[in-house]
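One-based numbering, in listed order, for ligands and for the atoms of each. Position 1 is the first residue of the sequence; numbering continues from there. What you see below is based on every heavy atom in this structure, not just the backbone, and it leaves out hydrogens, waters and symmetry mates. Please read all numbers here as calculations on a predicted model, not as lab measurements.
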Amino acid sequence: MEIFHISAECYPVAKVGGLADVVGALPKYQNNAGHHVRVIMPCYDTKFRQENEFECVHWGHLKLGNFSFPFNILKEKSDKLEFELYLVEIPELFDRKEVYGYEDDIERFLSFQIAALDLIISRNEIPDVINCHDHHTGLIPFIMLYCDKYQKLRNTPSMITIHNGLYQGQFGFDKLYYLPEFDLAHVKVLEWDNCINSLAVAIKCAWAVTTVSPNYLNEINYSANGLESLFNLVRHKSKGILNGIDEEVWDPATDGMLEKNYSIKNFEKGKQENKEKLCNLFNLDPSKPLFSFIGRLLEEKGGDLLPHAAALALSENFQQINILILGSGNAVIENQLNSLLSDYKGNFNTFIGYNEELAHLIYAGSDFLLMPSRVEPCGLNQMYSLRYGTIPIVRRTGGLKDTVIDFGDDGNGICHDQASVGDICYSIQRAVDLFQDKKSLNKIREIGMKTDHSWGRVCQEYVEIYNLIISKK
Ligand code: ADP
């Protein structure tokens, strides 16, 4: 099967969060399963772009309203990612360090979508399916169906995979003229709540809608940042498919970013050596349980609860626990966390920023990983921590509910129901008690390390949906 994935992120080319991990892994495993898979993404000014060789395979000019941009499509020469990678180079719009967060993001990602489709129609073969990811690619199913220039793709099935439904890429109808020409009889399709909503458009126009966990699909029927009724309407073409993790990248036995590699056979010793390295780096005590958090410091991740929960847990367990935070996001949360540094020196530390290598060391060297999320479409951190023998402490929501079961029910982690400081601290207290009982602790770690989150099964589920929509052609 000929599959195109179109995405704003892909690991290791450019990563902000889980979207990159999924688009870096799913195509690889689909390719290895015998499909012909290509990924198209923007060409940011990243290390990967600078350190690898590319050839220009297509170029042109795209029109965005009154503006015209030259673009090049660059193909990575070696196929080292185990799928074909195409970068859309639009120097004025993407030659920047960050993936998102610019005032002209609407213009950037609309241009990207148009150039990506230009590449696809320039080829002789039409793909069997086009898999779009999140709102940055949400207008593609519409353009394929209704824009005259792309009518070659009218009968090609498209699918939207929703990694995070909170972000929807809305913009005003004053920018309608950015879109390639189409019959205005279809303009209503673009509308949701009086604006053009890229994610809503994709949900309406794509032949199938997937979310990254089954439980998240259930939740968005009653909580989806304004799209609830739309999700209810498209239930018949929707499916929740739990993400996998790339077990080649995330393997404590081979992970080159660790101090010491280990497997299920020697995890106690291996984890301790990584913990010592981590504690040395952050002035913490390796004999005490280490609770970590990795992620974006935002309300959706429960980031606002962290400073209060950390302060309360540290004062209740005075000098008995360590807490380490890696992340960035909301400046108020960052400051609140940093303000705890002087009071809890030696037991609490932060790294405000993004650091891939440190994240790997934290998964390996921590005892517990905190995930107090309010919203978690799938969550990869808990799966990485399970694989590295670190016990996740999660709020039962989204994909966390699908992947973590409380150890009281013979499961692999610690769970609570409310996004509250009280619930987090209660879970931390249970973890402190568990930490004293090494036999039980190690049993739970083993259960976690044995959990199968490989992509093999997941790939098959994607292909089943592709086949279903192809059969409707
Ligand atoms: P989301 O995509 O919502 O941020 P996920 O759990 O799906 O959350 O994926 C998060 C990914 O981003 C994981 O690979 C995690 O290790 C990584 N990550 C998040 N924040 C940081 C950070 N500050 N430094 C390094 N890696 C991070």
Q. Is the closest basic N to carboxylate O distance between E219 and K401 below 4.0 Å?
A. no
**Q.** Centroid-centroid distance, H136 to Y100, less than 6.0 Å
**A.** yes
(Q) With a 4.0 Å heavy-atom cut-off, what residues sit around ligand 1? (A) K15, G17, G18, D21, I294, G295, R296, K301, L326, G327, G353, Y354, N355, E356, A359, Y363, G379, L380, N381, Y384
Q: Starting from the C-alpha separation in whole Å, work towards a yes-or-no answer on ring-ring contact (aromatic ring centres under 6.0 Å, His included) for Y29 and F83.
A: CA-CA 9 Å; Y29 288 94; F83 52 80; over 10 Å; no
Q: Flag the pair L369 / I294 as yes when at least one side-chain heavy-atom distance between them is below 4.5 Å, and no otherwise.
A: yes
Q.
Taking the cut-offs as 6.0 angstrom to the six-membered ring centre and 45 degrees off its axis, would you call R445 and F267 a cation-pi pair?
A. no
Q. Can we say D367 and K271 salt-bridge, meaning some charged N sits less than 4.0 Å from an Asp/Glu carboxylate O?
A. no
